[in-house]
Number of protein chains: 4
Amino acid sequence: MRIKEGDKRNDILLASTRIFAKVGYHKSKVASIAEEANVATGSVYVYFKNKEDILLQIFEELWKKLYNEFKSISLDTSIDSPQKIEQMTELFFEHFTADIDLAKVFVNEQTQLLNDQMIQFSRYYYKFLDLGRDIVEEGKLSGSIYSNIDVDIFRHFILGAIRNLLNQWAVEPDKFPLDKIKTNFKSLIKHGILNSK
Amino acid sequence: MRIKEGDKRNDILLASTRIFAKVGYHKSKVASIAEEANVATGSVYVYFKNKEDILLQIFEELWKKLYNEFKSISLDTSIDSPQKIEQMTELFFEHFTADIDLAKVFVNEQTQLLNDQMIQFSRYYYKFLDLGRDIVEEGKLSGSIYSNIDVDIFRHFILGAIRNLLNQWAVEPDKFPLDKIKTNFKSLIKHGILNSK
Amino acid sequence: MRIKEGDKRNDILLASTRIFAKVGYHKSKVASIAEEANVATGSVYVYFKNKEDILLQIFEELWKKLYNEFKSISLDTSIDSPQKIEQMTELFFEHFTADIDLAKVFVNEQTQLLNDQMIQFSRYYYKFLDLGRDIVEEGKLSGSIYSNIDVDIFRHFILGAIRNLLNQWAVEPDKFPLDKIKTNFKSLIKHGILNSK
Amino acid sequence: MRIKEGDKRNDILLASTRIFAKVGYHKSKVASIAEEANVATGSVYVYFKNKEDILLQIFEELWKKLYNEFKSISLDTSIDSPQKIEQMTELFFEHFTADIDLAKVFVNEQTQLLNDQMIQFSRYYYKFLDLGRDIVEEGKLSGSIYSNIDVDIFRHFILGAIRNLLNQWAVEPDKFPLDKIKTNFKSLIKHGILNSK
DNA sequence: TATGAATGAGGCTTCATTCAT
DNA sequence: TATGAATGAAGCCTCATTCAT
């Protein structure tokens, strides 16, 4: 007996994340998702338009949450731009390492889906990207960040790097412990590799 | 008129790269590949075990070439480690921007394939990664690269960043001109974002 | 209007028997079976693992029925062993001549399937063979059957003979009327051909 | 280097018999046959119209040989009908037990092929059957064989029994040693099972 | 005759989606 | 809403046969 309405939709989202993480979106079967969610196959179509819609909704929820968390950092006037980037990075890693299946889905499915379904993809993702831009712009203006850095390129630089490190962590958590990843990541973003001393 | 040996296999590889780039591996149909290659459907199976094998062979050829090109840079004793990294980056961008379809396939399909078929995936990729490690180690020893950088993490940091930038370039070449990407990328890798004045 | 449960599975079994009888198992197409059963192609796979499974299930049902019918004869203590053999023969012919398609499938497909899928083949067939052995052993002990007859050989002797006669009847029913077959068969089994006067 | 012409055709026939015996006619691939025969795939079609033709030719050679061997027995006036049947039985077993692959092909493929290709099937098989009829008729006339036996039915009775016993021998030679099969078979044909003492 | 790469029709099976209940 | 049996379009792959050499 379900506690309240809406549970079923969420069960399906959670089950899908698990299944997508395990075998990949294209090899996942709607029937398996339904089974994993303890729901009838047909019920999936009560809550979602089709299989792709499930994936889109996973990303919708993901970016909605991330955007909202990031927004408060973005609006904080007590810290400077590089600190904001560091906090956002921290938050980003935290969010995904708390849910390894979600991390795998993000790493493996977002690029393709984005290329295919640019129009329908979560607006929150684009708003999230905008937040990033604003923060970097702010840093460039205040002089804390190199002024010659292209904001758009930097955003995709950093996202790509994070994504790949998350993937390595998800695949081999022992070889890539989170602390080490985060420390190195922050250092690389801030100072690069050159020992300019 | 029979075409001389070897051509058909290559025709199929080229056609597959085009098709995979356009619609993605999973949505590609073997029949479409055959048509694009001007070959009968069955001929695909003369040269490849199955559809996945085509993708594996694309990566085999890709990494074999890249590894060999990178090896000569790696062995060059006249340049230091940061310069090697810069040259390798340059070569990497060149290789993929010369073949936008190959770039798309690399960006969109490699991670999933690697997760699924770790064992069968091109050994040259792993040898390529090893080259990268050696160069960074060398730089750390010689003092030109920060000694606290973890080599494994750095390799995946840089690869992820490049991959995502290649993707942006492939999707919106006008918004992400190659020169701008390369300049920014090199600067970010070398010095990071902090304006240390 | 959905048909009540159980019907579709049986429809498919009956349709398969007809199709297998007409063109042989290997030349039968799943699509034809589905059409003959007034069912969608995919529905076949709701009830059966694959095409071979249909054939296995046909034999499963066949030998289950035959075994159960034979068991009651076997247990009857009011008749002696030769009479039991006669009754079983009678029943055997009856069962197959009542369903000529089933007869054809039995005649044409069982040996190959048995050689290929010994493990999955109906256990009822082996239990049926055991019943035959028990009856002959019983006859040998009571003295009504030659004691020098090897039971295993006799079982396969008689089965082979019946099978081939069923085949002739199925192919040319006019040339091989059932009564004649049965009379001759029983006589041959009992007394052989020698006119020992 | 081949010794003489005609070898290749025979190589293919022998290879086919082996392959058909091992996996069954329908599951045999022409390419496998060619490989087994050390011949190119295309060469098979130099000597045979198609795959089915190979099977037909195997049976053509088989029944031609058997017919010729049986004819001399049939014409021998020094032995009576039951003795002829015994000799033919002996010959039959000898022929197949000398070539277990041929036995398997005979057992598993003849019935289906006969049902499908009645017209093209070896005339020698029908002539062989005729020999059998003549001998039995002769026995009935001379009084050595029960006069109420139907010749056609008897022929198929005996062929079916032999075929099934050959199959058992081919599958489990240890459980069904040839001597035992032959002794029992002859006894059953001659006297049946009833202990009429 | 001999070859074996090339062909492409065809079949089995899968699985997202529907719909009668 | 919820179900899950039923659907049938679609795709991968096989393999008998051909044919240019």
Side-chain angles (χ1 to χ4, degrees), chain A residues 2 5-9 26-35 38-54, chain B residues 1-9 12 26-35 38-54, chain C residues 1-9 12 26-35 38-54, chain D residues 2 5-6 8-9 12 26-35 38-54:
Chain A
R2 282 184 197 270
E5 276 199 33
D7 260 5
K8 211 161 260 196
R9 191 190 120 96
H26 280 102
K27 290 187 186 160
S28 298
K29 298 174 208 167
V30 175
S32 310
I33 292 170
E35 196 188 3
N38 287 315
V39 147
T41 307
S43 301
V44 173
Y45 290 84
V46 173
Y47 296 96
F48 302 92
K49 214 177 91 233
N50 52 33
K51 188 178 150 188
E52 196 174 53
D53 187 37
I54 307 176
Chain B
M1 189 74 58
R2 302 268 154 173
I3 297 163
K4 75 175 184 296
E5 251 201 59
D7 264 3
K8 267 199 167 63
R9 192 190 122 94
I12 294 166
H26 281 102
K27 290 187 187 160
S28 298
K29 291 173 245 169
V30 174
S32 312
I33 292 170
E35 197 187 0
N38 284 316
V39 145
T41 308
S43 300
V44 173
Y45 293 88
V46 173
Y47 296 97
F48 302 93
K49 220 176 85 237
N50 52 34
K51 189 177 145 188
E52 194 175 53
D53 188 36
I54 306 177
Chain C
M1 191 73 60
R2 303 268 153 173
I3 296 161
K4 74 176 182 297
E5 251 200 57
D7 263 5
K8 268 200 167 61
R9 192 190 122 95
I12 294 166
H26 281 102
K27 291 187 186 161
S28 298
K29 290 172 247 169
V30 175
S32 312
I33 291 170
E35 196 188 0
N38 285 317
V39 146
T41 308
S43 300
V44 173
Y45 293 86
V46 173
Y47 295 97
F48 302 93
K49 217 176 87 239
N50 51 34
K51 189 177 146 189
E52 195 176 54
D53 188 37
I54 306 177
Chain D
R2 267 160 218 287
E5 279 199 29
K8 209 161 263 197
R9 190 190 122 95
I12 295 166
H26 280 103
K27 290 187 186 161
S28 297
K29 298 171 207 170
V30 175
S32 310
I33 292 169
E35 195 188 3
N38 285 315
V39 146
T41 308
S43 301
V44 173
Y45 291 85
V46 172
Y47 296 96
F48 302 93
K49 215 177 88 230
N50 52 34
K51 188 178 152 188
E52 195 174 55
D53 187 36
I54 307 176

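So you know, we letter chains A, B, ... as the sequences are listed, proteins then strands, and number each from 1.
Across every non-hydrogen atom of B/I12 and B/S43, the tightest pair is CD1-O, 4.1 Å. When all heavy atoms are compared, the tightest approach of C/T41 to C/A31 is OG1-CA, 4.4 Å. Nearest heavy atoms, C/V39 versus C/V44: CG1-N, 4.4 Å.
To the nearest angstrom, P of F/dA9 lies 13 Å from CD of C/E35. Going from atom CZ of C/F48 over to atom C1' of E/dT14 covers 18 Å, rounded to whole Å. Between the OH atom of A/Y47 and the C1' atom of E/dT18 there is a distance of 18 Å, given to the nearest Å. The CG atom of B/N38 sits 12 Å away from the P atom of E/dG8 (whole-angstrom rounding).
Close to F/dT3, at under 4.0 Å from its OP1 or OP2, lies a side-chain N or O of A/K8.
Applying the 6.0 Å contact sphere to CD of A/E35 captures no more than 12 heavy atoms from other residues, nucleotides or ligands.
Every residue two or more places apart in sequence or in another chain was checked for a salt bridge (charged side-chain N to carboxylate O under 4.0 Å, His left out) with A/K29, and none qualifies.
In secondary-structure terms, DNA chain F builds stems of at least 3 consecutive Watson-Crick or G-U pairs, each pair having both distances under 3.5 Å, at E:2-21 with F:2-21.
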Open item on the list: At under 4.0 Å between heavy atoms, how does the protein contact nucleotides 11-17 of chain F? Give one character per nucleotide, 5' to 3', with B, S or -.
Closed with: SSBBSSB
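Distance check: D/K51 NZ to D/D53 CG gives 13.0 Å after rounding to the nearest 0.5 Å.
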